[in-house]
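First up is the structure itself, then whatever we jot down about it.
Note that these values count all heavy atoms, side chains included, but never hydrogens, waters or copies made by symmetry. All of these numbers come straight from a predicted model, not from anything done at the bench.
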Amino acid sequence: ISDILLSVYVYANGMVAVDDYMKDTRSAFLQNKKDFYYLKFLTPVNESPLINEPARGDKIYTRSMDIRAMFNVEDIS
């Protein structure tokens, strides 16, 4: 039995848009966390700080979220 760590990155135009996308993504994972076929249980672990991407202009921001998929059974043949 092992855990898998998933990372979700959001890029959007403006801080409010990034936060809205992160809230929607988090709630979608939490509402459906027991319904994934191969990933048994999903739990959001942490979120990164809101980062301004200077190479993409002053209006593009990014944030990431880590999600742990727990209790995965590996088939070792």
Could you go step by step and tell me if D19 and R63 meet the side chain to side chain contact (heavy atoms under 4.5 Å, CB included) rule?
CA-CA 8 Å; D19 287 336; R63 178 174 274 172; 2.7 Å; yes
So, using side chain to side chain contact (heavy atoms under 4.5 Å, CB included) as the criterion, who are the partners of I51 when residues are at least two apart?
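Partners of I51 by the side chain to side chain contact (heavy atoms under 4.5 Å, CB included) criterion, ordered by chain and then number, come out as E53, T62.
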[X] and [Y]: same hydrophobic cluster, using ILVMFWY side-chain contacts below 4.5 Å?
X: Y21; Y: L30; value: no
X: M15; Y: Y11; value: no
X: L6; Y: V10; value: yes

Could you state the interatomic distance from [atom1] ([X]) to [atom2] ([Y]), rounded to the nearest 0.5 Å?
X: I60; Y: N13; atom1: CD1; atom2: CG; value: 4.5 Å
X: M22; Y: S27; atom1: CE; atom2: OG; value: 11.0 Å
X: T43; Y: R68; atom1: OG1; atom2: CZ; value: 8.5 Å
X: M65; Y: N46; atom1: CE; atom2: CG; value: 10.0 Å

Which atoms form the tightest heavy-atom contact between Y61 and V18, and what is the distance?
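Reported closest heavy-atom pair: O-CG2, 3.5 Å.
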Can you run down the salt bridge (Lys or Arg N to Asp or Glu O under 4.0 Å) pairs that involve residues 5-17, sequence neighbours left out, and say none if there aren't any?
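Pairs touching residues 5-17 that pass the test: none.
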Taking it one step at a time, do I67 and L5 satisfy side chain to side chain contact (heavy atoms under 4.5 Å, CB included)?
CA-CA 6 Å; I67 299 165; L5 189 64; over 6 Å; no
